[in-house]
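In each ligand, atom 1 is the first atom listed, and ligand 1 is the first ligand listed. Nothing here was measured: the structure is a model prediction, and the numbers come from that model.
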Amino acid sequence: KAARAAERFGVPFTLSTMSICSIEDVAEHTDKPFWFQVYTLKDNDFMRRLMGRAKAANCSALVITVDLQMLGQRHKDLKNGLSAPPKLTIMSVADMMTKVRWGLEMLGTKRRFFGNIVGHARGVSDASSLSSWTAEAFDQSLDWKRIGQLIEMWDGKVILKGILDVADALKAAELGADAIVVSNHGGRQLDGASSSIRMLSHIVDTVGHKTEVLFDSGIRSGQDVLKAIALGAKGTMIGRAYTYGLGANGEQGVTDALRIIHKELDTTMGLCGRTMINDIDQDILIVPEGFHRK
Ligand SMILES: Cc1cc2nc3c(=O)[nH]c(=O)nc-3n(C[C@H](O)[C@H](O)[C@H](O)COP(=O)(O)O)c2cc1C
């Protein structure tokens, strides 16, 4: 639903390795190529097959997430007992009862597991073997050599997501990344890491002429998009902003989220006296002294 909404709105969609819908499922229900995101997993054979499936589905770019070689400690996920598929507990059932439509759709859906993993990763045939696979699969020894190998394995357009300092941005450009995403994973990985917006400007100044710099983490409105563009990003990605729409109202909810952001962007540009996105620069911002970090 999200991929279809993005396609109809005219923006790229990135499907996650850990999505519930498989690459093939999304390809079957969309017309245009989408981007595919991979985590840096240890199992070369699995990575090769995963990339092969993405190529076969005509994915136009590979997004390699480089800031999740291990899972951060997510206190709220632990407290709320987040799991896929959701466990039926008194709390979760009570929660579903306050969101009747969503709850009924959840009960009725056939798509409950990680569609790119179950039935594809060695030894993962059902949900019970999935959690031990997840704990084992991530490559905690991730380094630039391994990222280089994955770039070679894909042999197509590559975006490195999760860059948060100038040195890493330089390294990514050196390895030939077509684009990078300045991101702190929506603040979900390292508690205490800098916000990505504070890191953006220096990264753009250093590598903006070598690779395309995209931005995410914290985009909730069209004004947020405009601020990132003004600080040099070529584009922004959204995580929670569209998933809130998706949870609330499916495909239409994602379209509404995109429309709201687009309208705010348009209005803010107008009020700043700009009509072309390419004319946006830092002049429209009042940036507090010491805001940018290296
Ligand atoms: C529920 C959830 C699941 C996510 N799953 C992935 C994922 O599978 N792969 C990935 O690279 N990033 C993942 N992210 C991070 C997003 O891609 C993105 O970097 C982040 O959400 C941006 O911040 P925002 O939510 O403030 O827009 C996830 C984020 C959320 C909230």
Under 4.0 Å to a heavy atom of Ser183 - the qualifying atoms of ligand 1, by number
19 (O)
In the protein, what heavy atom is nearest to atom 18 (C) of ligand 1, and what distance, to one decimal place, separates them?
Asp216 OD2, 3.2 Å
More than 12 heavy atoms of other residues, nucleotides or ligands under 6.0 Å from CG of Asp191: yes or no?
no
Path from Leu258 to Ile260 over hydrophobic side-chain contacts below 4.5 Å
no
Intermediate values then yes/no, side-chain hydrogen bond (donor to acceptor under 3.5 Å, both in side chains), Asp139 and Thr40:
CA-CA 6 Å; Asp139 184 1; Thr40 49; over 6 Å; no
Which of Ser196, Ser217, Ser195 passes side-chain hydrogen bond (donor to acceptor under 3.5 Å, both in side chains) with Asn184? It is Ser217
Would you mind listing which atoms of ligand 1 come within a distance below 4.0 Å of any non-hydrogen atom of Thr65?
10 (C), 11 (O)
What distance do Arg259 atom CZ and Asp256 atom CG have between them, rounded to the nearest 0.5 Å?
6.0 Å
Judged by modelled atom types alone, do Asn44 and Arg146 share a side-chain donor-acceptor pair under 3.5 Å?
yes
Protein contact of atom 5 (N) of ligand 1 - nearest heavy atom, named by residue and atom, plus distance:
Tyr39 OH, 4.1 Å
Could you check whether His120 and Asn116, counting side-chain N and O atoms only, form a donor-acceptor pair closer than 3.5 Å?
no
Where is the nearest protein heavy atom to atom 27 (O) of ligand 1: which residue, which atom, and how far?
Gly239 N, 2.9 Å
Can you find a non-hydrogen atom of Ser217 under 4.0 Å from ligand 1?
yes
Out of Met18, Gln37, Arg188, Lys161, who is nearest to atom 2 (C) of ligand 1 when you count heavy atoms only?
Arg188
Taking the minimum heavy-atom distance to atom 25 (O) of ligand 1, which of Arg220, Arg240, Met237 ranks first?
Arg240
Protein contact to atom 8 (O) of ligand 1 [nearest heavy atom, distance to 0.1 Å]:
Ser16 OG, 2.6 Å
Taking only heavy atoms of Gly186, which atoms of ligand 1 are found under 4.0 Å from at least one of them?
20 (C), 22 (C), 23 (O)
How far is atom 14 (N) of ligand 1 from the closest protein heavy atom, and which atom is that?
His185 NE2, 3.5 Å
Geometric class of the His292/His202 ring pair [parallel <30°, tilted 30-60°, perpendicular >60°]:
perpendicular
